[in-house]
Amino acid sequence: MNIWEIIIISLIKILIIVVMLLLTVAYSVYFERKISAWVQNRVGPNRVGWLGLLQPFADVFKLLFKEDIIPTAANKPLHTLAPFIALFVAFSTYAVIPLGPPVELFGYKINLVVADVNIGILYVLALTSLGVYGITFAGWSSGSKYSLLGGIRSSAQMISYEVSMGFSIAGVLLMSQSLSPVKIVEAQHGWMWNAILQPIGFITFVVSAFAETNRLPFDLPEAEPELVGGYHTEYSSFKFAGFFLAEYANMAIASALIVTLYLGGWQVPYIEKLGLSYTLTTIIQIASMFLKIGALLFFFIWVRWSIPRFRYDQLMSLGWKVMFPLALVNIIWVAALIMIFNL
Amino acid sequence: MLTEFGKIFIFILLAAIFVIITLFISKFVRPNRPTKEKYLTYECGENPQGSPWVQFNIRFYVVALIFLIFDVEVVLLFPWALAYQEYGIYGFVVGLIFLLVLGLGMAYEWRKGDLEWARPQPKPPKLDEILKTKS
């Protein structure tokens, strides 16, 4: 393969991933509204298109045609920069998540991941930490008390749960002995899923993922009864849409990461023993990846509409006094497991 | 030869361009009719009072400091986790000692009360006290 073929293949993969991501985000907004309607025994959006399926596009166009307001008290450069950071971070994390096993198409051997870097997990951690800046800038630069409180709460919450997230990931690295997401998925063959081998780490990671994405029950940064809109109180038009899209894109990333690290990625247990053809096996594996991500997205939405919000001191004590020690226990557990069973 | 990091660079570049285009495209279609009231900071319909940059709790700084310490420990733990299976029981003991020291630090923070947040402490009225004040 010469360099142009590699670049063209990469561009096609990037295009497919970006389009898929946008569709996932658009339809998770739609399903958020539909599922909340089912939970509350309502109908939900059903006017735009068949069953309201065109609703996300109507929302986007509505926001596109709205006036953009920057308050005179705001710090203009940072106020404009914040949604860029939030959206940019949410999009660029997808580069390292493998969606399926390597496939052969038109004579080319193609990895179903944009870039198989050997430090993929560090890349994801670094970018998700950058996400804190978007929200903190938004909160500080708006020149509004609600925004400031929301931004500060959010940064404290995100850094608190980042610690337990990092410690849970250390447990996964102990099993896979690699930072590359592709290798981590390959290490979870058969029933060796990390969620089964280290249930404590799985729970701490999922809870931290909820806190990192600012989803209910951890949505204190935008707790609407006390802080109006939190850090995006002063945002309107497409900048608001930027934060909105970033929140759902982060949710999709969190689901993809949970699947990659703990639920075996594209692996289906014992599928090679069924004696199916190569093409069919590959298709089933890719489909299982999307099915797992979809199930987790549903779980995110389900939890949001079932569980009330934490108080701030409960949130902090859950992060530091429960999740952090549990993550430490998980590391020792995994280390002992490897030592005893020689995995 | 394009390395894997080159592909990441292309992805990041495309993501940045995509984000900038989507956020600027609305500039050409949206209305712009500024008024003084519209550009006021939102404060439940009242005129904003005082500086928007209010004082906030010192605990947020303490949490940031604790985070800094423990996040460095995470960074130190990753190389150990990656080389763990090569070192056998020796690696296990070293990791255990490291985690023990870390746990001691955590216990110290906990004992000092740096993890406590002011929680609401409601005092429900007690029946015998009410009766005492009445009589």
Side-chain angles (χ1 to χ4, degrees), chain A residues 3 6-7 10-11 14 18 64-69 71-73 83-84 87-88 91-92 95 114-117 123 143-146 148-149 152 156 159-160 162-163 166-167 170 173-174 177-179 228 233-234 237-239 242 312-313 316-317 320-321 324-325 328 331-332 335-336 338-339, chain B residues 1-2 4-5 7-8 10-12 14-16 18-20 22-23 25-27 29-33 38-44 48 52-54 56 60 63-64 66-67 70-71 74-75 77-78 81-85 88-89 92 95-96 99 102-103 106 109-110 115-120:
Chain A
I3 185 151
I6 298 177
I7 289 182
S10 301
L11 280 177
I14 292 169
V18 168
L64 201 64
F65 288 109
K66 289 288 174 192
E67 188 176 352
D68 185 43
I69 294 169
T72 34
F84 282 95
L87 204 55
F88 166 72
F91 273 101
S92 40
V114 173
D116 176 18
V117 283
Y123 172 81
S144 160
K145 289 165 193 128
Y146 299 114
L148 182 75
L149 288 174
I152 286 168
I159 60 177
S160 300
E162 212 172 283
V163 174
F167 278 107
L173 299 184
L174 275 173
Q177 297 287 295
S178 171
L179 278 166
V228 189
T233 306
E234 295 295 344
S237 173
F238 223 67
K239 286 183 190 152
Y312 202 73
D313 63 297
M316 284 318 227
S317 65
W320 286 105
K321 295 180 181 172
F324 183 80
L328 288 188
I331 292 179
I332 298 172
I338 294 172
M339 203 86 288
Chain B
M1 186 62 201
L2 188 71
E4 297 294 320
F5 287 101
K7 291 177 192 167
I8 285 207
I10 298 178
F11 195 104
I12 287 182
L14 282 179
F18 172 79
V19 167
I20 288 169
T22 41
L23 284 182
I25 206 165
S26 70
K27 207 167 191 141
V29 288
R30 70 189 177 213
N32 185 22
R33 284 183 283 274
K38 210 185 264 178
Y39 279 51
L40 275 181
T41 309
Y42 177 75
E43 216 166 290
C44 302
W53 288 283
V54 289
F56 49 86
F60 287 107
V63 165
I66 301 177
F67 159 74
F70 284 106
D71 218 37
V74 172
V75 175
L77 207 61
F78 274 16
L82 289 176
Y84 176 70
Q85 292 184 6
I89 193 82
F92 181 70
L96 207 63
L99 288 178
L102 218 150
M106 189 66 198
E109 309 275 10
W110 199 327
L115 303 178
E116 306 295 332
W117 286 71
R119 66 178 65 191

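Chain letters run A, B, ... following the sequence lines, proteins first and then strands; every chain starts at 1. If you're wondering where the values come from, they're calculated on a predicted model, not measured in any experiment.
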ask   = Taking the side chain from B:Gln85 and the backbone from A:Leu174, do they hold a donor-acceptor pair closer than 3.5 Å?
value = yes
query = Parallel, tilted or perpendicular: which describes the rings of A:Trp320 and B:Phe70, with under 30° parallel and over 60° perpendicular?
reply = tilted
key: Top contributor to chain B contacts, counting heavy-atom pairs under 4.5 Å, from A:Phe84, A:Tyr123, A:Phe91   = A:Phe84
request  = Using non-hydrogen atoms and a 4.5 Å limit, figure out which bit of B:Ile10 sits close to chain A: side chain, backbone, both or neither.
outcome  = both
ask   = Heavy-atom distance under 4.5 Å to chain B: side chain of A:Leu173, backbone, both or neither?
value = both
ask   = If you round to the nearest 0.5 Å, how far is CD1 of A:Ile159 from CD1 of B:Ile66?
value = 9.5 Å
request  = Could you pull out the closest heavy-atom pair between A:Glu234 and B:Thr41, with the gap in Å?
outcome  = OE2-CG2, 3.2 Å
task = Check the angle between the aromatic planes of A:Tyr312 and B:Phe60 and answer parallel, tilted or perpendicular using the 30° and 60° thresholds.
result = tilted
request  = To the nearest 0.5 Å, tell me how far A:Glu162 CD sits from B:Phe67 CZ.
outcome  = 4.5 Å
inquiry  = Is B:Ile12 close to chain A through its backbone or its side chain, or both, or neither, when contacts mean heavy atoms under 4.5 Å?
reply    = both
request  = Against chain B, label A:Lys145 side chain, backbone, both or neither, depending on which of its atoms sit under 4.5 Å from a heavy atom there.
outcome  = both
Most chain A-contacting option - heavy-atom pairs closer than 4.5 Å, from B:Leu96, B:Asp71, B:Val63 = B:Val63
request  = Evaluate the side-chain proximity of B:Ile8 to A:Val117: yes if any heavy-atom separation is below 4.5 Å, no if none is.
outcome  = yes
ask   = By a 4.5 Å heavy-atom criterion (distance strictly below it), what part of A:Ser178 contacts chain B: side chain, backbone, both, or neither?
value = backbone
request  = Locate the shortest heavy-atom distance separating A:Glu67 from B:Tyr39; write the atom from each residue and the value.
outcome  = OE2-OH, 4.4 Å
ask   = When only pairs under 4.5 Å are counted, which of B:Ile25, B:Leu102, B:Leu40 shares the most heavy-atom pairs with chain A?
value = B:Leu102
Nearest-0.5 Å distance that lies between atom CZ in B:Phe18 and atom OG in A:Ser92 = 12.0 Å
Nearest-0.5 Å distance, OG of residue A:Ser237 to CZ of residue B:Arg30 = 5.0 Å
inquiry  = Can you tell me which portion of A:Thr72 sits under 4.5 Å from chain B's heavy atoms? Options are side chain, backbone, both or neither.
reply    = both
